[in-house]
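For reference, the structure is listed below as structure tokens.
Below, each value reflects all heavy atoms present in this structure, side chains not excepted, and no hydrogens, waters or symmetry copies.
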Amino acid sequence: MASRKLITVFGATGAQGGSVARALLQKPDFAVRAVTRDVNRPVTRALRDLGATVVQGDLDSEKSVEEVMGGAHGVFLVTNFYEGFSKEKEIRQGKAVADVAKRLGTKHVVYSGLESVSAVTGGKLEVLHFDGKGEVEQYFWNQEVPMTSVRIPFYYENFFTIIKPLKAPVSDDYFLLIPMGDIPMDGISVADIGPAVAKLFESPQGFLGKPVGLTAQRLTIKQYAEILSKHMGKKVLESKITPDMYEKLGFPGAKELADMFRYKWMKPYRDIELTRRLNPNVRSFDQFLSENKEGLKDL
């Protein structure tokens with residue numbers, strides 16, 4: 001490990017952190033310190049088998065953060081708004097990592113950030129799980145910590161879970177309840193994020209102090225539906241729902257998600273060509289579904 005650059009990966013047992021950890025472990029120049037709150041989770045065994053050092057860490061404790069970042073060349077940080085649904089908690093965790101990184105002289109932090117929608121729109125829209133990350137981004141840069149922010153679009157994997165096709169009540173068809181109209185929506189597989197982040201750690205020049213918008217493909221909801229239809233063997237349609245209609249559904253978080261889609265209508269596109277340079281093997285949605293047929297079985 002002494003001859004390799006040590007990268008501390010927060011959230012290493014989660015989807016995004018796990019993708020980054022696995023990608024770094026394939027690089028001979030890096031060693032991985034995988035941080036998790038529960039070192040006894042089954043997924044940690046797989047990380048150890050791949051060569052990671054798995055350690056217990058808590059983003060809510062600055063002392064713990066300093067311990068797991070000590071001696072590391074770089075850090076990958078992902079926070080989880082949906083664990084507590086607290087923007088303030090995300091901001092507190094992110095700022096703690098920034099403060100420790102500055103104190104320790106960490107060479108490169110790659111942060112899974114997002115724009116502050118509230119700041120961009122002058123307060124007209126509020127998307128808490130964007131806004132907190134946007135504030136943390138700015139704090140890193142204000143503190144002059146060498147940080148690259150990777151801004152991630154929708155995961156393709158979400159089509160198996162939180163935005164999966166819904167069965168129509170009066171037919172055998174399915175539909176996608178996504179209020180994007182004819183505006184294309186960026187997407188990527190979480191598995192393809194890790195190699196792009198690993199490349200940023202390998203070649204940080206030109207990316208320090210900047211946001212990097214990752215995306216594999218930009219498709220309309222109609223195009224996503226057509227590709228899902230092909231692989232499901234069932235007809236999937238776009239729902240034609242608008243953000244205003246979506247907000248009126250009234251479920252917890254409907255207003256925030258509606259504002260997120262309103263913001264996406266403003267075309268905050270990610271960079272397809274840059275993503276392909278960072279990860280030449282990034283997959284299209286069609287390729288992703290071809291390789292992940294198991295995820296379609298429960299749809």
Side-chain angles (χ1 to χ4, degrees), residues 9-23 43 76-83 85 90 110-115 117 127-130 132-134 149-166 174 176-180 183-200 211-221 223-228 231-232 236 238 246 253 256-257 260-261 263-264 268-272 274-276 278-279 281-299:
V9 178
F10 286 97
T13 55
Q16 199 176 137
S19 176
V20 171
R22 288 189 293 273
V43 68
F76 175 75
L77 173 64
V78 58
T79 55
N80 185 3
F81 169 82
Y82 294 102
E83 190 178 80
F85 293 87
E90 266 201 304
V110 178
Y111 172 53
S112 181
L114 288 167
E115 307 92 319
V117 174
V127 183
L128 298 180
H129 69 281
F130 275 58
K133 294 180 178 70
S149 179
V150 287
R151 296 174 175 175
I152 310 299
F154 269 32
Y155 296 165
Y156 291 155
E157 287 82 355
N158 288 342
F159 285 98
F160 299 155
T161 55
I162 60 174
I163 55 170
K164 67 181 179 181
L166 301 174
Y174 287 73
L176 292 175
L177 193 69
I178 304 174
M180 286 295 292
I183 304 297
M185 184 176 75
D186 286 298
I188 196 170
S189 169
V190 68
D192 290 334
I193 294 170
V197 171
K199 186 64 176 178
L200 291 172
V212 173
L214 299 181
T215 185
Q217 201 168 19
R218 185 173 301 129
L219 301 173
T220 64
I221 303 307
Q223 289 172 319
Y224 280 115
E226 289 171 347
I227 296 169
L228 280 163
H231 289 276
M232 290 174 61
V236 182
E238 55 179 328
Y246 193 89
E256 182 189 357
L257 291 177
M260 179 189 73
F261 287 115
Y263 177 62
K264 288 180 181 291
Y269 290 150
R270 306 315 189 205
D271 193 328
I272 294 175
L274 174 57
T275 304
R276 288 175 179 165
L278 293 171
N279 179 6
N281 297 316
V282 68
R283 290 165 295 172
S284 68
F285 187 49
D286 186 56
Q287 290 172 311
F288 169 78
L289 290 181
S290 295
E291 297 172 15
N292 290 273
K293 295 187 180 296
E294 287 294 317
L296 296 170
K297 286 188 175 181
D298 294 330
L299 300 183

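- With values rounded to the nearest 0.5 angstrom, Ile188 atom CD1 is found 11.0 Å from Arg270 atom CZ.
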Pair Arg218, Asp186 - check side-chain contact (heavy atoms from CB on, under 4.5 Å), show working. CA-CA 4 Å; Arg218 185 173 301 129; Asp186 286 298; 3.0 Å; yes

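- Ring geometry, Phe285 versus Tyr224: the interplanar angle exceeds 60°, so the pair is classed perpendicular (tilted spans 30 to 60°).
- Side-chain atoms of Ser290 and His231, non-hydrogen and from C-beta on, do get closer than 4.5 Å to each other.
- Using bins of under 30°, 30° to 60° and over 60° for the plane-to-plane angle, the ring pair Tyr246/Phe261 lands in the perpendicular bin.
- If you take CZ on Phe159 and CE on Met232, they are separated by 12.0 Å, rounding to the nearest 0.5 Å.
- By the 4.5 Å heavy-atom criterion applied to side chains, Lys164 and Tyr174 are not counted as neighbours.
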Steps toward ring-ring contact (aromatic ring centres under 6.0 Å, His included) verdict (Phe160, Phe288): CA-CA 12 Å; Phe160 299 155; Phe288 169 78; 5.6 Å; yes

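- Side-chain contact between Ile227 and Leu219 is present, with heavy atoms from C-beta onward closer than 4.5 Å.
- When all heavy atoms of Ala216 and Ile272 are compared, the closest pair comes out as O-CG2, 4.0 Å.
- Ion pairing between a basic and an acidic side chain is recognised when a charged N comes within 4.0 Å of a carboxylate O; Lys264 and Glu115 show no such pairing.
- Annotation: the span from Leu278 atom CG to Ile193 atom CD1 amounts to 12.0 Å, rounded to 0.5 Å.
- We find the CD1-CD1 distance between Ile221 and Ile183 to be 10.5 Å, quoted to the nearest 0.5 Å.
- By the neighbour-count criterion of 12 heavy atoms within 6.0 Å, atom NZ of Lys293 is densely surrounded, having more than that number from other residues, nucleotides or ligands.
- Pairing each heavy atom of Pro195 with each of Ser19, the nearest pair is CD-OG, 4.4 Å.
- In terms of modelled atom types and a separation under 3.5 Å, the side chain of Asp192 and the main chain of Asn279 share no donor-acceptor contact.
- No side-chain heavy atom of Leu289 sits less than 4.5 Å from a side-chain heavy atom of Tyr156.
- Rounded to the nearest 0.5 Å, atoms CG (Leu128) and CE (Met260) are 12.5 Å apart.
- Residues Thr275 and Thr215 approach most closely at OG1-N, 2.9 Å, considering heavy atoms.
- For the atom pair CD1 (Ile163) and CG (Asn158), the distance works out to 5.0 Å, reported to the nearest 0.5 Å.
- Closest non-hydrogen pair, Val190 versus Glu157, comes out as N-OE1, 3.1 Å.
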CA sep, side-chain torsions, deciding dist, call: Leu114, Val127, side-chain contact (heavy atoms from CB on, under 4.5 Å): CA-CA 10 Å; Leu114 288 167; Val127 183; over 6 Å; no

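- Under the 4.5 Å side-chain criterion, counting only non-hydrogen atoms from C-beta, Leu176 is in contact with Leu228.
- Closest approach of Tyr269 to Pro184, counting heavy atoms only: OH-CD, 3.5 Å.
- Taking each heavy atom of Val78 and Gly17 in turn, the nearest pair found is CG1-N, 4.3 Å.
- One N or O on the side chain of Gln223 and one on the backbone of Thr220 form a donor-acceptor pair closer than 3.5 Å.
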